[in-house]
**Student:** 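Structure incoming, see below.
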Amino acid sequence: MPSPAFLVLATLASLILLPACGEAPEPRNPGPAPEVKTAPLQPRTELAAVEAFNAYRLNASVGNGRIALDHVHPSYFDAVQRHIDLALDAERDEVSALSFADRYAVFAMRVRVEPQTLRTITSRAFAELAIDEGWIETEIMAAAMVESVALLPEGSRQPDRAEITVSLGGRTNPSTFPMVYQDGAWLVDLATMMDRGAASAETMAEMMGEDADEMMAVALSARAGKTEIVDVYAPIGRE
């Protein structure tokens, strides 16, 4: 859509040019407006929820972030933007007060992404990059096989949530994958999924008696091929 400034300039140009050109030409008949096609509403069924989940899962597994993200709930992009801002600006005390999931996201951005990229990238572009680069365990997504679906609220004629249970290598995964029904479509609740995964990792760190933040810094630095452990508490900065 043209900006207000563009519309004002276009109007002024027409007022100046028309008197010099004689009478204004008769407007042409633009014909019928083009038909706008919209995607059909998905039914609130188990099958539709599984199809949407698999559309996300299969595209993510081959690094096709652009299409995979069409099946992701927008709350994830809000979370990514918040993490970008924190990675750029947050000092140690602010980062330390975050949840484990948020700290992991901020640390990962500071380790994996070039500063100038992080300063200019949009939340959706970052989410696409994360899938394309395999940062969200695309191998696991490829191996996951749907075992069952629970529509919620249970017994409702208009379920708006679903929990999908998958198996990995023939073993049932203890964590389910959440889906949300919004605007006529089933969408993967990736923000909640990431929170659940982080909670499991935090529990594992506690059981091992490890400092969770140090463990994350070491693991992320190693996977990024860094020769030294990145100071994950240091903000990137806006410049």
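Quick note: numbers below take in every heavy atom, side chains included, and nothing from hydrogens, waters or symmetry partners.
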**Student:** How would you list, by chain and number, every residue that makes a salt bridge (Lys or Arg N to Asp or Glu O under 4.0 Å) with Glu163, sequence neighbours excluded?
**Tutor:**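 Salt bridge (Lys or Arg N to Asp or Glu O under 4.0 Å) list for Glu163, sorted by chain: Arg196.
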**Student:** Testing Leu47, Leu41, Thr45 for side chain to side chain contact (heavy atoms under 4.5 Å, CB included) with Pro43, which one passes?
**Tutor:**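 Answer to the side chain to side chain contact (heavy atoms under 4.5 Å, CB included) test with Pro43 among Leu47, Leu41, Thr45: Thr45.
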**Student:** Hey, is the main chain of Gly237 close enough, under 3.5 Å, to the side chain of Arg119 for a donor-acceptor pair?
**Tutor:**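 Judged by distance alone, yes, a pair lies under 3.5 Å.
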**Student:** Which pairs, with at least one residue in residues 141-155 and sequence neighbours excluded, count as a side chain to side chain donor-acceptor pair (under 3.5 Å)?
**Tutor:**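 For residues 141-155, and leaving out neighbouring residues, the side chain to side chain donor-acceptor pair (under 3.5 Å) pairs sorted by first residue read Glu147-Thr172.
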**Student:** Within the side chain of Ser96, is there an N or O that forms a donor-acceptor pair under 3.5 Å with the backbone of Asp93?
**Tutor:**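 Checking the backbone N and O of Asp93 against the side chain of Ser96, no donor-acceptor pair under 3.5 Å is found.
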**Student:** For residues Met216 and Val95: do they belong to one hydrophobic cluster (side chain heavy atoms under 4.5 Å, members Ile, Leu, Val, Met, Phe, Trp, Tyr)?
**Tutor:**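 Cluster IDs for Met216 and Val95 match.
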**Student:** Only pairs at least two apart or in different chains count here, so list each ring pair (Phe, Tyr, Trp, His ring centres under 6.0 Å) that has a residue in residues 145-186.
**Tutor:**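 Counting only pairs at least two positions apart or across chains, the ring pair (Phe, Tyr, Trp, His ring centres under 6.0 Å) contacts touching residues 145-186 are Phe53-Phe177, Tyr181-Trp186.
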**Student:** Does one hydrophobic cluster hold both Leu190 and Met109, with members joined at side-chain heavy-atom distances below 4.5 Å?
**Tutor:**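 As far as the 4.5 Å side-chain criterion goes, Met109 and Leu190 are connected within one cluster.
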**Student:** Per the ring pair (Phe, Tyr, Trp, His ring centres under 6.0 Å) rule, what does the pair list look like for residues 208-239, sequence neighbours excluded?
**Tutor:**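 Matches after skipping sequence neighbours: Phe107-Tyr233.
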**Student:** With Tyr104, which residues qualify under ring pair (Phe, Tyr, Trp, His ring centres under 6.0 Å), at least two apart?
**Tutor:**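 Not a single residue meets the ring pair (Phe, Tyr, Trp, His ring centres under 6.0 Å) criterion with Tyr104.
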**Student:** Who are the side chain to side chain contact (heavy atoms under 4.5 Å, CB included) partners of Asp195, not counting sequence neighbours?
**Tutor:**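 With neighbours one apart ignored, the set is Ala101.
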**Student:** Atom CD of residue position Gln182 - does it have more than 12 heavy atoms of other residues, nucleotides or ligands inside 6.0 Å?
**Tutor:**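 Enclosed: over 12 neighbouring heavy atoms sit under 6.0 Å from CD of Gln182.
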**Student:** With sequence neighbours excluded, what pairs up with Ser99 under the side-chain hydrogen bond (donor to acceptor under 3.5 Å, both in side chains) test?
**Tutor:**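 For Ser99 the side-chain hydrogen bond (donor to acceptor under 3.5 Å, both in side chains) partners, ignoring immediate neighbours, are Asp102.
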**Student:** Under the rule for side-chain hydrogen bond (donor to acceptor under 3.5 Å, both in side chains), what residues qualify as partners of Asp89, not counting sequence neighbours?
**Tutor:**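 With sequence neighbours excluded, Asp89 shows a side-chain hydrogen bond (donor to acceptor under 3.5 Å, both in side chains) to Arg238, given in chain and number order.
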**Student:** Identify every side-chain donor-acceptor pair in residues 218-228 under 3.5 Å, counting partners at least two apart or on other chains, and give the distances.
**Tutor:**
unit_1: Ser221; atom_1: OG; unit_2: Ala217; atom_2: O; d: 2.7
unit_1: Ser221; atom_1: OG; unit_2: Val230; atom_2: N; d: 3.0
unit_1: Arg223; atom_1: NH1; unit_2: Glu137; atom_2: OE2; d: 3.4

**Student:** With Asp70, which residues qualify under side-chain hydrogen bond (donor to acceptor under 3.5 Å, both in side chains), at least two apart?
**Tutor:**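 Asp70 satisfies side-chain hydrogen bond (donor to acceptor under 3.5 Å, both in side chains) with Arg124 only.
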**Student:** After noting the C-alpha distance and the side-chain angles of Leu151 and Arg44, does the key distance pass the side chain to side chain contact (heavy atoms under 4.5 Å, CB included) rule?
**Tutor:** CA-CA 8 Å; Leu151 298 179; Arg44 298 175 186 249; over 6 Å; no
**Student:** Met179 and Val50: same hydrophobic cluster, using ILVMFWY side-chain contacts below 4.5 Å?
**Tutor:**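 They do share one cluster, since a chain of ILVMFWY contacts under 4.5 Å joins Met179 to Val50.
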**Student:** Determine whether more than 12 heavy atoms belonging to other residues, nucleotides or ligands lie under 6.0 Å from atom CD of Glu206.
**Tutor:**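 Above 12, so yes.
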**Student:** Excluding sequence neighbours, so at least two apart, what forms side chain to side chain contact (heavy atoms under 4.5 Å, CB included) with Pro153?
**Tutor:**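 Testing Pro153 for side chain to side chain contact (heavy atoms under 4.5 Å, CB included), a comparison that skips the adjacent residues, returns Ser156, Asp160, Arg161.
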**Student:** Is it true that Met193 and Trp135 fall in one hydrophobic cluster, defined by side-chain heavy atoms closer than 4.5 Å?
**Tutor:**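 Result: yes, single cluster for both.
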**Student:** Mark yes or no for whether Asp132, through its side chain, and Gly65, through its backbone, hold a donor-acceptor pair below 3.5 Å.
**Tutor:**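 Judged by distance alone, yes, a pair lies under 3.5 Å.
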**Student:** Please collect all ring pair (Phe, Tyr, Trp, His ring centres under 6.0 Å) contacts where either partner lies in residues 64-102, sequence neighbours excluded, each pair once.
**Tutor:**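 Listed by first then second residue: nothing to list.
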